[in-house]
Amino acid sequence: MATFVLVPGACHGGWCYERIDDQLRRHGHRAHALTLTGFGDHARPMSGTVNLDTHIQDVVDVLTAESLEDVVLVGHSYGGMVITGAADRVPERVDSLVYLDAFVPADGDSVWTLTSEPEHEWYLSAGETGYAVPPLPFFDPRATAHPLASLVQRIRLTGDLGRFRRREYAYATLWDGPSPFAPTYERLREDPSWTVHPLEGRHNLMRDVPDDLLKILLDVAPPGPGH
C-alpha cells in the first residue's frame, strides 16, 4: 500500500482529483487530495498573508500530523511549486515526485519568473482587494480566486530533486497556443534522471486523461516490503 498526497493547481481544490484518488483507493493505496489554505472548506477572507510558504506548510503539516512516510507527492500546475517546497522541507517523508503539467522550480524561482505573457496579464488582473487572481473562464465552475502572493513569492530550496527515488513529469500536448510548461518539458525530456510522459490532453489532465495518469501513479508507487 502506497501513500499519495495530491496537490491541486491555482484556483482549484482537492476535488479536482476526485476521479484519480477514488481509483487509487480501489487499488489498495491511500490517497490524500488536499485543499490548500484559501479554497473550499479552507476559505477565509483573502489577504496578502496567504502565500507560497502558506501552501507548502499546508502539505508539510499533513505529512507530519498524519505521520506519513514514503509518500508520493503529486502536483498539478501551481501545485508543482508546492510539492517541490514540501519535499525540500521534509525529504525524509517523501519517496517520489510526480508533476502534472506543472512548474518544477529551482531555488529562487517563482511562478511569475517562470512565466510570461499571457500568464502575467492574468496575474495582474487581481480583484478589487489586489490580493486575489480570479479563475479563468475555462476552469471548473467550483474554482475560486487564487492568492496573488503565492504566484510572485520566490521559493527557497536547500537541496535538489535528485535525492528522491522517482521524478515523473506528465506534459499536456493540447494547449490552445504555446504551453507555459513547454520549456520545462524540453529540459526534462533530455534529463535521464526524469521520466517524461507527453499526454494527449489539455492542461486539466485529471479530467482529460485520468486513466493515463492512474497508470503513471500506479507505476511510481513504492515497492512493498520484501520487493
Asks: Measuring from atom CE of Met206 to atom CH2 of Trp15, what distance do you get when rounded to the nearest 0.5 angstrom?
Replies: 8.5 Å
Asks: With salt bridge (Lys or Arg N to Asp or Glu O under 4.0 Å) as the rule and sequence neighbours excluded, what pairs involving residues 25-39 come up?
Replies: Asp21-Arg25, Asp22-Arg26
Asks: Is there any ring-ring contact (aromatic ring centres under 6.0 Å, His included) pair reaching into residues 64-107, and which pairs are they, with sequence neighbours excluded?
Replies: His55-Tyr78, His76-His203, Tyr78-His146, Tyr99-Trp194, Phe103-Phe181
Asks: Of all residues at least two apart in sequence or in a different chain, which pass the salt bridge (charged side-chain N to carboxylate O under 4.0 Å, His left out) check with Arg202?
Replies: Asp176
Asks: Below 3.5 Å, can you tabulate the donor-acceptor pairs from side chains in residues 107-116 to any protein atom, sequence neighbours excluded?
Replies:
{"residue": "Asp107", "atom": "OD1", "partner": "Leu157", "partner atom": "N", "Å": "2.8"}
{"residue": "Asp109", "atom": "OD2", "partner": "Ala106", "partner atom": "N", "Å": "2.8"}
{"residue": "Ser110", "atom": "OG", "partner": "Trp112", "partner atom": "N", "Å": "3.3"}
{"residue": "Ser110", "atom": "OG", "partner": "Thr113", "partner atom": "N", "Å": "3.0"}
{"residue": "Thr113", "atom": "OG1", "partner": "Ser110", "partner atom": "N", "Å": "2.9"}
{"residue": "Thr113", "atom": "OG1", "partner": "Ser110", "partner atom": "O", "Å": "3.0"}
{"residue": "Thr115", "atom": "OG1", "partner": "Val111", "partner atom": "O", "Å": "2.8"}
{"residue": "Thr115", "atom": "OG1", "partner": "Trp112", "partner atom": "O", "Å": "3.3"}
{"residue": "Thr115", "atom": "OG1", "partner": "His120", "partner atom": "NE2", "Å": "3.3"}

Asks: Hey, does the side chain of Thr173 reach the backbone of Leu199 with a donor-acceptor pair shorter than 3.5 angstrom?
Replies: yes
Asks: Does Tyr123 have any ring-ring contact (aromatic ring centres under 6.0 Å, His included) partners at least two apart in sequence or in another chain, and if so, which?
Replies: none
Asks: Applying salt bridge (Lys or Arg N to Asp or Glu O under 4.0 Å) as the test, list every pair that has at least one member in residues 142-164; sequence neighbours left out.
Replies: Glu18-Arg142, Asp88-Arg163, Asp140-Arg142
Asks: For residues 205-220, which residue pairs qualify under salt bridge (Lys or Arg N to Asp or Glu O under 4.0 Å), counting only residues two or more places apart or in two chains?
Replies: Arg166-Asp219
Asks: Under 4.5 Å between side-chain heavy atoms, hopping through other hydrophobics if needed: is there a path connecting Val72 to Val82?
Replies: no
Asks: Any salt bridge (Lys or Arg N to Asp or Glu O under 4.0 Å) pairs touching residues 51-68, not counting sequence neighbours?
Replies: Asp53-Arg89
Asks: If you group Ile, Leu, Val, Met, Phe, Trp and Tyr by side-chain heavy-atom gaps below 4.5 Å, do Met81 and Val59 land in one group?
Replies: yes
Asks: With a cutoff of under 4.5 Å between side-chain heavy atoms, which Ile, Leu, Val, Met, Phe, Trp and Tyr residues group with Leu174?
Replies: none
Asks: For Phe139, check ring-ring contact (aromatic ring centres under 6.0 Å, His included) against everything at least two apart and list the hits.
Replies: His12, Trp122
Asks: How long is the gap from OG on Ser96 to CZ on Phe4, to the nearest 0.5 Å?
Replies: 9.0 Å
Asks: What pairs with Glu200 under salt bridge (charged side-chain N to carboxylate O under 4.0 Å, His left out), at least two apart in sequence or on another chain?
Replies: none
Asks: Please answer: with hydrophobic residues joined when any side-chain heavy atoms are less than 4.5 Å apart, are Leu52 and Leu124 in the same cluster?
Replies: yes
Asks: Would you compute the distance between atom CG of Leu217 and atom NE2 of His29 and round it to the nearest 0.5 angstrom?
Replies: 9.0 Å
Asks: Hydrophobic clusters here meaning ILVMFWY residues chained together by side-chain heavy-atom distances under 4.5 Å, can you tell me if Tyr169 and Leu213 are in one?
Replies: no
Asks: Taking salt bridge (charged side-chain N to carboxylate O under 4.0 Å, His left out) as the definition, give me every residue that meets it alongside Arg165, ordered by chain and number, with sequence neighbours left out.
Replies: Asp95
